[in-house]
Amino acid sequence: MTTRRIVVLGAGYAGLAAATKLVRTAPGAEITVLDARARFVERVRLHQRAAGQAIPEWDLAEVLGRRGIRFVQGKAVALDLDAREVRLADGAALPYDTLVYALGSAGGAADVPGAAEHAVTVATPEDLADAAPPTGRALVVGAGATGLELAAELAESRPELRVTLLGADEPVAHLSARGRAHVRKVLDRLGVEVRAGAKVTAVTAAGVRLADGTEVPGEAVLWTAGFSVPRLAAAAGLAVDGAGRVRTDATLRSVSHPEVYAVGDAAAIAGPDGRVLRMACATALPQGAYAATAIGARARGAEPREFRFRYHLQCYSLGRTDGMVHAVRADDTPARIVITGRAGAWVKERIVRFAAKAAGLPS
Ligand SMILES: Cc1cc2nc3c(=O)[nH]c(=O)nc-3n(C[C@H](O)[C@H](O)[C@H](O)COP(=O)(O)OP(=O)(O)OC[C@H]3O[C@@H](n4cnc5c(N)ncnc54)[C@H](O)[C@@H]3O)c2cc1C
């Protein structure tokens, strides 16, 4: 199979990790990266942006151009798997021999009545582009990692807000008692009200409605519950799972179209216990780097070793001066070591910086 023209679809953590490594693993290939955005924005800092802080950005054409990678800014609207072309919104087509599908994910509120009109989703830079800063009582929906980090950041940066965090479970309910206690202590200190067991079924102009009929009043609703993936793969006929993520083999190739590799949030990749790896830059980066290695190996006529991944840590920022880094076992279940407080914040910040570096972005 020829790999002369490699197109990387999506310049997020996974796509950039793949593209920048391909320069070394597939010398001589013509590498093109396509993204709808001109600039890379650190998605893992979007809760900081939602709280009014400035966050770093990089010019993709410049960063990639310096490495000899062609960057095309444009929105992919379809894949023609037979013709091996990516179709762009402006009518252009990008032909490929090998495609790296790395389109990531967006917010997951589309089906919730009222969310589109009354909630600000915190999942992509575009979500926040025209969003008015929250005022009064801010309701953060979703007590997963994003919701927890957002609630803490808002409460710390904007002390005039009253912040409520609503979720099915307590934040970090899956971690150790020590980890849970630390998070609870910080949220208490920051004045964040936590409402566990709250399933939000609608967003209104006055707040949110819960499954049991309770109305929770709030001037601002910030949605962090769930992510959804682009429909392109499913629409083109690539084999996908129930959520629309590309199903891959052990070398991260599409199970239906071996000339397509899929990495990051938009791919369904099995972890050490057989479950699909969680959507995270911690999983996206090694997947992207691995895809570059596998493509390079096959270009030389070799068969790559299977993708191997194990979890090490779960990291949470709790504002700018507190954080928690929780060791986990290979299968993401909690281990004993927990770093909290300023040390936790310091480690988390270093990991975020490292992630940008691992994606090939200059510091
Ligand atoms: C607030 C927040 C905090 C987070 N914190 C953490 C954290 O601490 N640790 C962690 O591991 N993970 C965290 N995550 C999750 C992490 O950001 C994602 O899992 C990660 O970005 C996935 O990388 P990716 O490359 O697969 O996709 P993305 O980063 O989503 O990149 C996909 C790229 O594809 C482009 N694209 C999409 N559709 C098209 C199209 N049709 N045409 C052209 N281009 C397109 C997008 O513009 C984007 O640049 C956080 C997420 C959020 C929202």
Side-chain angles (χ1 to χ4, degrees), residues 9-16 35-58 60 73-77 89 102-155 157-158 161 163-167 200 202-205 207-208 218-232 243-245 264-266 278-281 284 316-317 352 355-356 359:
L9 204 46
Y13 289 98
L16 286 182
D35 202 287
R37 295 176 194 140
R39 301 176 74 74
F40 178 90
V41 178
E42 282 180 309
R43 210 178 153 199
V44 299
R45 291 192 196 270
L46 282 182
H47 55 292
Q48 293 178 241
R49 179 172 280 184
Q53 299 166 24
I55 61 173
E57 294 188 7
W58 287 263
L60 283 165
Q73 188 190 355
K75 187 173 169 57
V77 290
L103 288 184
S105 63
D111 299 336
V112 179
E117 300 89 321
H118 303 299
V120 172
T121 300
V122 183
T124 68
E126 292 74 25
D127 293 331
L128 300 176
D130 302 317
T135 53
R137 177 166 292 282
L139 306 179
V140 176
V141 180
T146 306
L148 169 61
E149 292 193 325
L150 176 61
E153 207 73 51
L154 282 173
S157 298
R158 304 270 318 276
L161 292 176
V163 180
T164 300
L165 177 60
L166 301 114
V200 175
V203 184
T204 67
V208 298
E219 282 72 37
V221 177
L222 297 122
W223 194 279
T224 72
F227 288 134
S228 62
V229 301
R231 305 298 306 159
L232 254 72
R245 291 175 296 190
D265 286 3
R278 65 179 151 83
M279 291 180 176
C281 77
Y316 303 86
S317 66
V352 169

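Worth knowing before you read on, the calculation uses all heavy atoms, side chains too, and leaves out hydrogens, waters and symmetry mates.
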Review point. Sub-3.5 Å donor-acceptor pair from the side chain of T224 to the main-chain atoms of G142, do we have one?
Key: yes

**Study point:** Distance, nearest 0.5 Å, that separates OG1 of T121 from CG of L46
**Key:** 11.5 Å

Revision key, fill the gap. For M279 and V229, the nearest pair of non-hydrogen atoms, with its separation, is CE-CG1, 3.7 Å

Point to revise | Which atom of A11 lies closest to which atom of D35, heavy atoms considered | key: N-OD2, 2.5 Å

Practice item. Using a strict cut-off of less than 4.0 Å between a Lys/Arg side-chain nitrogen and an Asp/Glu carboxylate oxygen, indicate whether E57 and R37 qualify as a salt bridge. Key: no

Review point. So which heavy atom on L154 is nearest to which on A50, and how close?
Key: CD2-O, 3.9 Å

**Study point:** Closest heavy-atom pair and its distance - V221, G207
**Key:** CG2-O, 3.9 Å

Check your understanding: Nearest heavy-atom pair of S105 and T124: which atoms, and what distance?
Key -> O-CG2, 4.0 Å

Practice item. Would you give the length of the straight line joining atom CD of E42 to atom CD1 of I55, rounded to the nearest 0.5 angstrom? Key: 7.0 Å

Exercise for review: Supply the atom-to-atom distance L161 CG to E219 CD, rounded to the nearest 0.5 angstrom.
Suggested key: 9.5 Å

Exercise for review: May I ask you to decide if A36's main-chain N or O and Q73's side chain share a donor-acceptor pair within less than 3.5 Å?
Suggested key: yes

Review point. Which value, rounded to the nearest 0.5 Å, describes the distance between D127 atom CG and W223 atom CH2?
Key: 13.0 Å

Practice item. Start with the C-alpha gap between V200 and L139, add the side-chain angles, then the distance that decides, and say whether side chain to side chain contact (heavy atoms under 4.5 Å, CB included) holds. Key: CA-CA 11 Å; V200 175; L139 306 179; over 6 Å; no

Review point. Between R158 (side chain) and P134 (backbone), is there a donor-acceptor pair under 3.5 Å?
Key: yes

Point to revise | Any donor-acceptor pair under 3.5 Å from R43 side chain to P125 backbone | key: no

Exercise for review: Enter the distance from L222:CG to L165:CG here, rounded to the nearest 0.5 Å.
Suggested key: 11.0 Å

Review point. Going by heavy atoms in the side chains, are V163 and L150 under 4.5 Å from each other?
Key: no

Check your understanding: In Å and rounded to the nearest 0.5 Å, what is the OG to CG distance from S228 to D111?
Key -> 9.0 Å

Check your understanding: Is there a side chain to side chain contact (heavy atoms under 4.5 Å, CB included) between H47 and S317 once you walk through the steps?
Key -> CA-CA 10 Å; H47 55 292; S317 66; 3.2 Å; yes

Exercise for review: Quick one: do E153 and Q53 satisfy side chain to side chain contact (heavy atoms under 4.5 Å, CB included)? Show the steps, please.
Suggested key: CA-CA 10 Å; E153 207 73 51; Q53 299 166 24; 2.9 Å; yes

Practice item. Could you pull out the closest heavy-atom pair between Y13 and A284, with the gap in Å? Key: CB-CB, 4.3 Å

Point to revise | Residue pair V122, L128: steps toward the side chain to side chain contact (heavy atoms under 4.5 Å, CB included) verdict | key: CA-CA 7 Å; V122 183; L128 300 176; 4.2 Å; yes

